[in-house]
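Inspection log for the structure reproduced underneath, given as structure tokens.
All ligand and atom numbering here is 1-based and tracks the order in the structure.
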Amino acid sequence: MKEIGLYIHVPFCRGKCAYCDFVSYPYSPEAAERYLKALEREIRLWSEWFGPKLVLKTVYVGGGTPTCLPPEALARLMSVPRAGFTMLPDAEVAVEANPGTLDEEKLAVLAAAGVNRLSIGMQGTADRLLRVLGRAHTAGEARQAFKAARAAGFTNINLDLIYGIPGQSAGDWTETLAEAAALGPEHVSAYSLEIHSETPLGQAAAAGEVAVCSEETVREMYLKAIDFLTASGYVHYEIANFALPGRESRHNRLYWEGGEYLGLGPGAHSYLDGHRWANTANPGEYCATVARGELPVAEAVRLTPADAMAEAMFLGLRLTAGVSAARFQARFGCSPEAVYGPAIARLAAQGLLIEEDGYIRLTRDALPVANVVFAAFV
Ligand code: SF4
């Protein structure tokens, strides 16, 4: 028996946000029907492939916007995990939801399906900045979604927030943090906006039509999030994630700790039995491949021991607790020092890594430039 996480990608949204480079398309009932049929086939294919050896300890339904599906389709979606695998009775079952797509009926469907964690894409609390992002909802709708989720009995809610939005001031960001925290979510994710050149926002930035935040402003906003949220009682447990004690995302933790997971749906990634693979991201191709009874895998690699060790370092360092030297030793039969001694010493001398109590972790100075540290292990 192997306990794994299951990720399901729902590739639909109400519209396309100006910064979005995810696998997401406008929702239509016909496309959703084709997708659900394919998803139901895909889980059967995987369940035949792996047999009864896999048990689900976490389920994460993300996207896209899973809650843009109507209630009946949402119920069908949520029945997919159990159609293929056994789920542990205390499994974390999380669903991403966007404001403007959640109502009482859908919340009841999610609760009845055993969903015990909701992640709401609030992103901001100023309508003017939500418009820059091209979000299909207002700040009021985000607050309403949170309150409706609470009223429906959800006791484990994450709010996603974005900083570094063109035109956002330090004061705007402090206000967003305060307003989000005042709602009392169990978890907050604070992401720095990534502006991709091929997106409408990327093109507007290249044309000078929006005032992009400077690196220094973005760094200060990030440090503000850490200081504000930790002072508000949240534990800063991962680069971008904050939780009340005991409310960390179990599914995401599994990624950072090198746990195994199966991904379903277009563009979903998997890591199992020493292999990483990605499903085809094209929804038409995904549906057609699965309809032929074939697994929709577009690319797969077998990790070498060196790959697996590098991943253990750069994923593990995302956690503020850091990489446990004992755990690394137990997994690979050698210490991080034996493999990465010179890199660790150099980064420690630069004030970016610290070794303490059997853990190697990022310093506060390293948090805003974590990618520089990760590059040393690749
Ligand atoms: S809600 Fe998320 S996935 Fe959907 S368009 Fe916006 S950024 Fe993309």
Side-chain angles (χ1 to χ4, degrees), residues 7-29 31-32 35-36 39 60-70 73-74 77 94-103 106 110 117-146 148-149 157-168 176 180 187-205 210 212 240-241 249 251-252 263-269 278-283 286:
Y7 173 75
I8 298 182
H9 188 78
V10 180
F12 305 113
C13 285
R14 284 212 313 197
K16 191 82 173 161
C17 301
Y19 61 100
C20 180
D21 80 329
F22 299 115
V23 179
S24 128
Y25 300 88
Y27 165 80
S28 79
Y35 159 78
L36 281 170
L39 197 64
Y60 191 101
V61 181
T65 304
T67 48
C68 76
L69 296 178
L74 200 53
L77 170 73
V95 172
E96 284 181 359
N98 274 317
T101 65
L102 259 189
D103 58 26
K106 290 186 195 178
L110 295 176
R117 183 174 192 272
L118 270 189
S119 180
I120 300 178
M122 174 178 240
Q123 316 306 0
T125 55
D127 287 340
R128 136 187 97 78
L129 297 173
L130 291 174
R131 278 196 294 275
V132 173
L133 293 175
R135 298 287 301 180
H137 60 85
T138 62
E141 282 176 307
R143 280 189 282 270
Q144 218 177 323
F146 182 89
I157 303 179
N158 167 61
L159 291 179
D160 272 349
L161 301 176
I162 293 181
Y163 59 91
I165 303 168
Q168 186 178 33
T176 294
H187 191 286
V188 176
S189 299
Y191 299 109
S192 149
L193 177 67
E194 283 182 29
I195 302 183
H196 300 276
S197 57
E198 71 286 1
T199 61
L201 188 59
Q203 283 156 9
V210 291
V212 175
N241 286 283
S249 161
H251 183 82
N252 288 335
L264 307 183
H269 289 247
N279 278 359
T280 173
N282 180 305
Y286 165 79

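Partners of T280 by side chain to side chain contact (heavy atoms under 4.5 Å, CB included), not counting sequence neighbours, listed by chain and number: N282, E285, Y286, P296, A298. In this view, A18 and P200, L201 satisfy the side chain to side chain contact (heavy atoms under 4.5 Å, CB included) rule, not counting sequence neighbours. Every residue two or more places apart in sequence or in another chain that forms a side chain to side chain contact (heavy atoms under 4.5 Å, CB included) with S28 is listed here: E30, A31.
In this structure, R14 falls outside the shell of residues with a heavy atom less than 4.0 angstrom from ligand 1. For the ligand labelled ligand 1, residue G15 lies inside the 4.0 Å heavy-atom shell.
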Worked check of side-chain contact (heavy atoms from CB on, under 4.5 Å) between C17 and F22: CA-CA 10 Å; C17 301; F22 299 115; over 6 Å; no

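Between the side chain of R14 and the main chain of N98, no donor-acceptor pair closer than 3.5 Å is present. Under a 3.5 Å cut-off, the side chain of K106 and the backbone N or O of T67 do form a donor-acceptor pair.
Atoms of ligand 1 lying under 4.0 Å from at least one heavy atom of N98, given by number and element, are 1 (S).
Residue, atom and distance of the protein heavy atom nearest to atom 2 (Fe) of ligand 1 are R135 NH1, 4.0 Å.
In this structure, a donor-acceptor pair under 3.5 Å is absent between the side chains of Y191 and Q123.
Screening the protein for N, O or S atoms under 2.8 Å from atom 8 (Fe) of ligand 1 yields 1; no waters enter the count.
Taking both residues in full, the closest heavy atoms of G124 and L130 are given as N-CD2, 3.7 Å, listed atom of the first, atom of the second, then distance.
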